[in-house]
Amino acid sequence: MKFLMWVCVDPELVGTAEDAPDDWVALAGSRRLEGSQLRPVGDATTLWPRDGGTFVSDGPFAETKEQIAGYDILECADLAEAIDIAAAHPVAKFGAIELRPVWA
């Protein structure tokens, strides 16, 4: 079962994790298919194609304190296994991890 894992964090806390992400990548092993840190929200672009045109805006659509700092794609036996892997991520200590199943 595939899961998209959003790594969410208050931007003021980025880079404060004690554990190296490489340790988590090794722990996740072959269950982590891919992933990456994302550029800051100031580099984001949001678009809305409507009525034959496209409205483009700088920055994220949602105004929230926590922002998506990275993502990973996990292939796990079930949600319980995905939760175990996600809970071990270094950002989970001070941020939030969202797991979302991918439509099969």
Is there a side-chain contact between [X] and [Y] in this structure, where contact means two heavy atoms from C-beta onward sitting under 4.5 Å apart?
X   : Y   : result
L99 : L74 : yes
D72 : W24 : yes
S57 : L47 : no
T45 : V56 : yes

[X] versus [Y], closest heavy-atom pair with distance:
X   : Y   : answer
A77 : M1  : O-CB, 4.4 Å
C76 : I85 : SG-CD1, 3.8 Å
A92 : A86 : CB-O, 3.9 Å

Side chain to side chain contact (heavy atoms under 4.5 Å, CB included) partner of F3, chosen from L79, L33, V102:
L79
Transitively linked via ILVMFWY side-chain contacts under 4.5 Å: L38 with I73?
yes
Could you tell me whether the side chain of W6 and the main chain of R100 form a donor-acceptor pair under 3.5 Å?
no
Can you list everything that forms a side chain to side chain contact (heavy atoms under 4.5 Å, CB included) with D43? Sequence neighbours excluded, please.
R39, P40
Rounded to the nearest 0.5 Å, how far does [atom2] of [Y] lie from [atom1] of [X]?
X   : Y   : atom1 : atom2 : result
R31 : E75 : CZ    : CD    : 11.5 Å
R32 : M5  : CZ    : CE    : 8.0 Å
C8  : I97 : SG    : CD1   : 7.0 Å

Take V9 and Q67, measure what side chain to side chain contact (heavy atoms under 4.5 Å, CB included) needs, and give me the verdict at the end.
CA-CA 5 Å; V9 64; Q67 298 166 0; over 6 Å; no
For Y71 and E34, does a side-chain donor sit closer than 3.5 Å to a side-chain acceptor?
yes
